[in-house]
Undergrad: 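Please find one structure pasted underneath; my questions will follow.
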Amino acid sequence: MKTISHIFSFVFHPLLVLFYSLFLLICLKPHLFGALHWQDQSLLLILIFIYTCVVPAIGFVLLKFTGFVKTFRMEDRMDRFGPLIICAIFYLWLWVNLKSQDQIPKLMIAFILASILSIFLAFALNTKIKVSLHTIAFGAFVTFWIILRLYHSEDGILQFRFLKSGVSAFHVNHLIGISLVLAGFIGTCRLYLKAHDASELYLGYFVGIFSTILAFSYTF
């Protein structure tokens, strides 16, 4: 169970959740990006991956080797300030540069903003408590897809298109259901690894949900 918990914590690391979300959004509604298939926007996906995953990860490594962070797991609450600042800088840069471009849909802009708000709230809370970044990410992830399903599906497109030959049978409702189970399982993994206590996990879910609702309210 410990090995599984470590694997899930790594595969669904908070740095990766934004990229996963935007990739799935392009697979669901490529027409919003002026494309017929996600591969038509592969350059955009690569740029998002670089600025939201690769560059912050390099920053974390530099912080570790310069002694500003004790371990990559950031078990100490004080270790989290530097990485959060790095993420805030690059996420803000991405949001500022994309929000004025007509070919970038507001759904994507709203979720990037939700990620930024989550980072700032996590930073503020981190001065008092070691809130779970994993549950923040999944609280935002689940809320994003619920909002999309309820308020932004007027076009009737609810099935993902992973292959060029046609749509898959994977429905957005399936994603929401799986995401809810996965969000609970990730929280259980973090609890099992003793990375957080229950209150820190619940606070993380709340921050993710609140940030996403606030971001969508501002954007739309």
Side-chain angles (χ1 to χ4, degrees), residues 9-10 12-23 25 44-101 104-144 147 183 186 190 195-196 200-201 203-220:
S9 295
F10 177 78
F12 297 104
H13 191 279
L15 275 183
L16 298 170
V17 173
L18 175 59
F19 174 75
Y20 291 159
S21 303
L22 299 181
F23 170 71
L25 178 61
L44 176 63
L45 286 169
I46 292 171
L47 290 174
I48 290 170
F49 183 74
I50 290 172
Y51 282 105
T52 63
C53 301
V54 177
V55 176
I58 293 172
F60 297 172
V61 172
L62 292 176
L63 288 175
K64 172 65 173 62
F65 284 105
T66 53
F68 286 100
V69 173
K70 297 183 183 70
T71 66
F72 290 121
R73 295 181 183 178
M74 297 183 291
E75 296 171 346
D76 189 331
R77 179 166 52 85
M78 301 307 293
D79 284 348
R80 297 176 169 227
F81 287 111
L84 286 171
I85 290 172
I86 290 174
C87 286
I89 291 171
F90 285 99
Y91 283 31
L92 271 170
W93 183 91
L94 187 65
W95 180 71
V96 168
N97 281 274
L98 292 183
K99 70 185 181 71
S100 59
Q101 298 186 25
I104 304 298
K106 282 189 174 182
L107 284 170
M108 176 176 167
I109 300 301
F111 194 66
I112 295 174
L113 180 59
S115 301
I116 295 169
L117 294 175
S118 295
I119 291 170
F120 279 108
L121 285 174
F123 186 92
L125 291 168
N126 196 65
T127 61
K128 300 294 183 182
I129 185 174
K130 192 179 76 171
V131 62
S132 171
L133 301 179
H134 281 81
T135 57
I136 288 177
F138 267 89
F141 183 81
V142 173
T143 307
F144 170 69
I147 290 176
I186 290 295
R190 303 306 291 164
H196 298 280
E200 293 167 351
L201 296 176
L203 182 59
Y205 289 127
F206 174 78
V207 169
I209 293 168
F210 176 76
S211 298
T212 307
I213 293 173
L214 189 62
F216 270 80
S217 298
Y218 173 80
T219 305
F220 291 96

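Start at 1 with the first residue, then count along the sequence. What you see is a predicted model, and the numbers here were worked out from it, not measured in a lab.
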Undergrad: Drop me the distance from Leu22's CG to Leu98's CG, to the nearest 0.5 angstrom.
TA: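 Going from the CG atom of Leu22 to the CG atom of Leu98 covers 9.5 Å.
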
Undergrad: Provide the closest heavy-atom pair for Ala114 versus Ser211 in the form atom of the first, atom of the second, distance.
TA: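 Looking at all heavy atoms of both residues, the shortest contact is O-CB, 3.6 Å.
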
Undergrad: Verify side-chain contact (heavy atoms from CB on, under 4.5 Å) between Cys87 and Phe60, making sure each step is shown before the conclusion.
TA: CA-CA 10 Å; Cys87 286; Phe60 297 172; 3.8 Å; yes

Undergrad: Verify the ring-centre separation between Tyr205 and Phe138: is it less than 6.0 angstrom?
TA: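 Centroid separation for Phe138 and Tyr205: 6.0 Å or greater.
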
Undergrad: Drop me the distance from Asn97's CG to Ile104's CD1, to the nearest 0.5 angstrom.
TA: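 Between Asn97 CG and Ile104 CD1, I get 11.0 Å after rounding to 0.5 Å.
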
Undergrad: Find the distance between CG (Leu117) and CD1 (Ile112) and round it off to the nearest 0.5 Å.
TA: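 Interatomic distance, Leu117 CG to Ile112 CD1, rounded to 0.5 Å: 12.0 Å.
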
Undergrad: Taking atom types as modelled and ignoring hydrogens, do the side chains of Arg190 and Ser9 form a donor-acceptor contact shorter than 3.5 angstrom?
TA: yes

Undergrad: Would you say that Leu203 contacts Ser132 through its side chain, given a criterion of any heavy-atom pair below 4.5 Å between the two side chains?
TA: no

Undergrad: Would you say OH of Tyr51 has more than 12 non-hydrogen atoms from neighbouring residues, nucleotides or ligands within 6.0 angstrom?
TA: no

Undergrad: Minimum heavy-atom separation for Ala88 to Ile119, with atom names?
TA: CB-CG2, 3.8 Å

Undergrad: Closest approach of Leu18 and Thr52, non-hydrogen atoms and distance?
TA: CD2-CG2, 3.6 Å

Undergrad: Apply side-chain contact (heavy atoms from CB on, under 4.5 Å) to Ile136 and Leu133, showing your working.
TA: CA-CA 5 Å; Ile136 288 177; Leu133 301 179; 4.1 Å; yes

Undergrad: Verify the neighbour count for atom CZ of Phe19: are there more than 12 heavy atoms of other residues, nucleotides or ligands below 6.0 Å?
TA: yes

Undergrad: Can you tell me how far CD1 of Ile50 sits from CG of Leu45, rounded to the nearest 0.5 angstrom?
TA: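 One finds 11.0 Å between CG of Leu45 and CD1 of Ile50.
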
Undergrad: Looking at Tyr218, I'd like to know if its OH atom is crowded, meaning that more than 12 non-hydrogen atoms belonging to other residues, nucleotides or ligands lie closer than 6.0 Å.
TA: no

Undergrad: Please work out which of the three classes, parallel, tilted or perpendicular, describes the rings of Phe144 and Phe111, given edges at 30° and 60°.
TA: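 Rings of Phe111 and Phe144: tilted, as their planes differ by 30° to 60°.
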
Undergrad: Between Val131 and His196, is a side-chain contact (heavy atoms from CB on, under 4.5 Å) present by the stated rule, with each step listed?
TA: CA-CA 8 Å; Val131 62; His196 298 280; over 6 Å; no

Undergrad: Nearest 0.5 angstrom please: Leu107 CG to Ser21 OG, how far?
TA: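 Here the rounded value is 12.0 Å.
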
Undergrad: Is there side-chain contact between Thr143 and Phe210, with at least one heavy-atom pair below 4.5 Å?
TA: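 They are not in side-chain contact.
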
Undergrad: Atom CZ in Phe81, atom CG in Leu84: separation rounded to 0.5 Å?
TA: 8.0 Å

Undergrad: Would you please indicate yes or no on a ring centroid separation below 6.0 angstrom for His13 and His134?
TA: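 Judged by ring-centre distance (under 6.0 Å), His134 and His13 do meet the cut-off.
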
Undergrad: Evaluate Cys53 against Leu16 for side-chain contact (heavy atoms from CB on, under 4.5 Å), listing each step before the verdict.
TA: CA-CA 6 Å; Cys53 301; Leu16 298 170; 3.8 Å; yes

Undergrad: Do side-chain atoms of Thr66 reach the backbone of Leu63 as a donor and acceptor pair under 3.5 angstrom?
TA: yes

